[in-house]
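Remarks on the structure that follows.
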Amino acid sequence: MGSLEGRVAIVTGAGRGIGREHALLFAAEGAHVVVNDVDREPAAAVVDEIEAAGGRAVANHDDIATWDGGARIVEAAVTAFGDLHVLVNNAGFLRDRALVNMTEAEWDDVVRVHLKGHFAPTRFAASYWRERSKQGHAIQASVINTSSTSGLIGNAGQSNYGAAKAGIAALTVILAQELGRYGVRVNALAPAARTRLTEATPGLTDLIQPPDDAGFDVWDPANVAPVAAYLATADAPETGRVYFVQGGQVRLFEGWTMTATIDQPGRWTVEGLRAAMPSLQPSGR
């Protein structure tokens, strides 16, 4: 029996890349999977691959960055498989540009797809689980979000993408606090893997190619899926966490932390701050 036997999972952006690997592994571990992608052909191909291996899956093409799309994808899971236990928010794309050249549409589109594309499905999945909890059902649900080092550390040329991904990390922590009472855990992954997004990132193209020999491919997107599958299991205790995942490495992120301090028993003056502020240096400097 697989670690996800009998669980129903939605994976957004599951037609290619990391989302595809999530969907395939979840199905191999026994989950019934809703394969969401606005591009019909790759979503259908993933469903066919799952079914050929003996699993169960259905394709869904809703725009998860819309209110109605968020509601419909949850309905699709419940209609097809009778329940919902796991939501993997993974869909996204890039519109990289330096701030001074970025258009309003490039900002709005990226924030909408990533940040609202996490919010809308989670909003309706959470409502479903809350209602089930109120009816007396024991809920062991999991939401797995997708953040990025572009938002958690920073990357020039990705102010739209990074801001959305930082927002997703914050959303993860907040929703873990809100939804725990209903039996819902919320975590996020910040993956480093070879995808259409990373292959389009300047400076990464050569770095992320598979090794010439038969060595371990640390950039293979399949490396990320086991961490998502673990967090999707019914009894995994973690919640409110953000993990960096690359190859065989999993690292825990810690959020904004107050470190160096200046303090005095009263209001500062500008001149006083001019003298004192240079002492506030990041750790390690």
Using modelled atom types and a 3.5 Å cut-off, is there a donor and acceptor pairing between side-chain atoms of [X] and backbone atoms of [Y]?
X	Y	result
N60	D62	yes
T149	L152	no
T12	N90	yes
E21	A225	no
N155	S150	no
E106	T103	yes
R185	A236	yes
N187	T172	no
H85	S142	no
T257	G255	yes

For the residue pair [X] and [Y], establish whether any side-chain heavy-atom pair is separated by less than 4.5 Å.
X	Y	value
T259	P282	no
R95	V110	yes
T146	P191	yes
I64	N36	yes
R123	S127	yes
Y182	I139	no
V250	F244	no
V35	I50	yes

Work out which heavy atom in [X] is nearest to a heavy atom in [Y]; give both atom names and the distance.
X	Y	value
F26	A9	CD2-CB, 3.7 Å
H22	V11	CB-CG1, 4.0 Å
N223	D217	ND2-O, 2.9 Å
G92	V113	CA-CG1, 3.7 Å
Q246	V218	CG-O, 3.6 Å
A57	V47	O-CG1, 3.6 Å

Worked verdict on I168 versus H114 for side chain to side chain contact (heavy atoms under 4.5 Å, CB included): CA-CA 8 Å; I168 287 166; H114 287 274; 4.2 Å; yes
State the [atom1]-[atom2] distance between [X] and [Y], to the nearest 0.5 angstrom.
X	Y	atom1	atom2	result
K116	D63	NZ	CG	9.0 Å
I153	K165	CD1	NZ	14.5 Å
I174	L179	CD1	CG	11.0 Å
L231	I144	CG	CD1	5.0 Å
M102	S159	CE	OG	3.5 Å
R7	T233	CZ	OG1	7.0 Å

Flag for N89-T122: side-chain donor and acceptor within less than 3.5 Å: yes
Any side-chain donor near an acceptor of the partner, Y230 and E238, under 3.5 Å: yes
Stepwise side chain to side chain contact (heavy atoms under 4.5 Å, CB included) check, V33 with R56: CA-CA 7 Å; V33 184; R56 294 186 62 191; over 6 Å; no
Would you say [Y] ends up clustered with [X] if hydrophobic residues are merged whenever their side chains have heavy atoms under 4.5 Å apart, either directly or through other cluster members?
X	Y	result
W129	L175	yes
F253	V227	no
V224	F93	no
F119	L84	yes
Y128	V143	yes

Parallel, tilted or perpendicular: ring planes of F81 versus H32, cut at 30 and 60 degrees: tilted
Presence of salt bridge, R274 and E271, under 4.0 angstrom: yes
Worked verdict on D68 versus F124 for side chain to side chain contact (heavy atoms under 4.5 Å, CB included): CA-CA 10 Å; D68 289 344; F124 290 99; over 6 Å; no
Criterion side chain to side chain contact (heavy atoms under 4.5 Å, CB included) on Y161 and W107, from CA distance to verdict: CA-CA 8 Å; Y161 179 74; W107 175 273; over 6 Å; no
Q264 atom CD, over 12 foreign heavy atoms within 6.0 Å: yes
E41, CD atom: more than 12 neighbouring heavy atoms under 6.0 Å: no
